[in-house]
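Reading through the structure tokens given below for one structure.
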Amino acid sequence: MDQTTHTHAESQNMRTTRHVINVILRDPLALISTIVILLFILIAVFAPLVAPYPDQGQGSTNAGDTMHPPSEKFILGADRLGRDILSRIIFGARPALVVPIGVVLFAVVIGAPLGALAGYKGGWVDEIIMRITDLFLAFPSLLLAMAIAASIGRGLDKAAIALVVSWWPWYTRIARGAAVSLKEQYFVEAAQAIGVRDSVIIFKHILPNTLSPILVQATVDLGTVILAMGGLAFIGLGTQPPSPDWGLMISEGRTFILDQWWISTYPGVAIFIVVLAFNLLGDTLRDIFDPRQYK
Amino acid sequence: MRAFEFILRRVLTAIFVLIGVSLITFAISHVVPTDTAALYLGSTRARPEDLERIRLKLGLDRPLSVQYAIYMGDLIQGDLGDSIATKRPVLQELTDRLPATLELLFFGMFMATLIGVPLGVLSARWQGTWADVIVRIISIVGVSMPAFYLGLLMQIAFFRNLDLFPLSGRVDSNLRFTNPIDPITSFFLLDTFLTSNWVAFKDVFHHLVLPGFTLAAYPIGLIARMNRAAMLEVLGQDYIRTARAYGIKERVVTYMYALKNAISPTLTVIGLTVAYALTGTFFVEVIFNWPGLGLFTVRSLLALDYPAIMGMTLLGASGYVLINLIVDLLQMWVDPRIRLQ
């Protein structure tokens, strides 16, 4: 019994995945967005190979070319310390894009099991988990993240932790909604009837079936998390110099915006394109699943 | 009676949430790994006896539960502690800056509603046409554009290239001598209007346009999208078809009958985006050097001025809870169905 219901959840997730891929392939905007996102992830992973000036991308200065305007040598110009903007954008894709993906994954890993537990158990367990969730949701997410990031110290890792802490409750809410409707279904009742332990039911039967709505929501959220991460770096609570980061680069070039406009402008374009791609993809996914039905 | 019960339940929940919020705020500020006493003295190399004195003064030697009780006791009396950086009461610092931020926030949300709602109506009425496509593009660009980047683009375009609006600040510093603003409400637009100080009014308005629009971009996107969805749902209903069948003009059907019922879900989104825009003001204020809460908070965050950070976090969460409460009550007023549930 255990085995069959487990595979039931798995095959359903596989079917969902195939359905999602089919829809994305048919929707040109979603397809382009997916390609753009994958491209940026590849660039981030292979940054040392792609960047024209890898050392400058990682922070080493180049005093000879301070504020060099865009030219053949530096396609997107150079910053105050003579570093190639393009190389820094390429290396900056790591904190600006890859780290937010990690943040959302961690938030799902913390939030979803709690929500599944709350929804499945009901009663006081549900009450306690959801009231705590409500408290975290009572803060504007970014404000909470800022306060936490400042308290535990500045830095990329600290900013990531702060964002995980302020984002998990959203997934708890969705997972709970899904779990409440799942626990009435036959395969869960059957598992209960033959005496499968609650923890096994939650992790093997409930959780796998809540994944589709959660992953959709996670994709929709990624744009927001990237903006939040960039925002934290912009005000100085995220990535610290000389490490590259899009939000930080915008902040560094802010003083020179009227003359050396290229320093802030190009990293901004990068953030905008990535967030736009995630939002377009998220729109398509939301149309397929409409996670609102679980809320 | 039911309405009264509903309000009472919502208010009680809000109070419960706020108590929890104070607990979280307190917890955040007490995981600070830095030595608070040293921070207060402004040096990590302060003499041990000085550190000890400050620790006693701030009550840092007491158990956490006692510290929280003291904190709550002060909080109820409206005492948020003193800012480490300015040594002034945090409440004073916050209330001094609140009007500037609220003026920006209201102006931005007013702009967002004024632009977002008609865009939503437009794209719902002309669903599937190029107008709909354009509105979709505007709204998705709006929600994808970081405020801290859009602000800079605005400065390049409208200050450097076109010279239409001022670069930053809330008011031209020369006005202090030529047309001083009488701070009756500290909402400068209102003050200058009340005192018929038209030169200053125009200047204040000019200073508001760029930051206001930067702040409005995200809400415009959300409001337009939400209002479109709500309008489409309403326009598909029977009474609208009946109204059309009676030969009532399409414009009247759209604006008089459909919009009225689509406004309730839109209202929720407007309420929620006000809260989102509150954190948006942080970036906007940094970019436009706007003398409000955001600029103060960012400075406090970087200096680890934790009484100020706690004060601001608490204020932000209270604002959020309050806005949600108001939205709920407004909805109850707009949509009688909620009262019957």
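Because the structure is predicted, anything quoted here is derived from the model rather than measured. Quick note: numbers below take in every heavy atom, side chains included, and nothing from hydrogens, waters or symmetry partners. Within every chain, numbering begins at 1; the chains are lettered A, B, ... in the order of the sequence lines, protein sequences first and strands thereafter.
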If one checks every heavy atom of A:Ile132 against chain B at 4.5 Å, the contacting part turns out to be neither
What's the separation between atom OH in B:Tyr149 and atom CD1 in A:Ile271, rounded to the nearest 0.5 Å? 9.0 Å
Mind checking the CG-CE spacing from A:Asn279 to B:Met145? Nearest 0.5 Å is all I need. 12.0 Å
State the CD1-CZ distance between B:Ile24 and A:Phe136, to the nearest 0.5 angstrom. 4.0 Å
Parallel, tilted or perpendicular: which describes the rings of B:Phe283 and A:Phe234, with under 30° parallel and over 60° perpendicular? perpendicular
Is there a side-chain contact between A:Ile235 and B:Leu302, using heavy atoms and a 4.5 Å cut-off? no
Tell me, out of B:Val286, B:Val321, B:Thr297, who's got the most heavy-atom pairs with chain A below 4.5 Å. B:Val286
Side chains of B:Leu23 and A:Leu135 in contact at under 4.5 Å (non-hydrogen atoms): no
With rounding to the nearest 0.5 angstrom, report the CG to CZ distance, B:Leu301 to A:Arg154. 9.5 Å
Say you draw a straight line from CZ of A:Phe272 to CG of B:Leu153; how long is it, rounded to the nearest 0.5 Å? 9.5 Å
Neighbours of chain B found in residues 158-169 of chain A - heavy atoms under 4.5 Å: none
What part of A:Val274 gets within 4.5 angstrom of chain B, counting heavy atoms only: side chain, backbone, both, or neither? neither
Rounded distance [0.5 Å steps], CD1 in A:Ile148 versus CD1 in B:Ile28: 4.5 Å
Does any heavy atom of chain B fall under 4.5 Å from the side chain of A:Leu29, the backbone, both, or neither of them? side chain
Less than 4.5 Å to any heavy atom of chain A: does that hold for the side chain of B:Ile309, its backbone, both, or neither? side chain
Residue part contacting chain A, namely of B:Leu150, when any heavy atom lies under 4.5 Å: neither
Heavy-atom pairs under 4.5 Å with chain B, option from A:Asp283, A:Ile273, A:Ile226 with the top count: A:Asp283
If one checks every heavy atom of A:Ser251 against chain B at 4.5 Å, the contacting part turns out to be neither
Below 4.5 Å, heavy-atom pairs only: which of B:Thr25, B:Ile140, B:Leu18, B:Thr13 has the largest tally toward chain A? B:Ile140
Bottom line for B:Val17: the part with an atom under 4.5 Å from chain A's heavy atoms is both
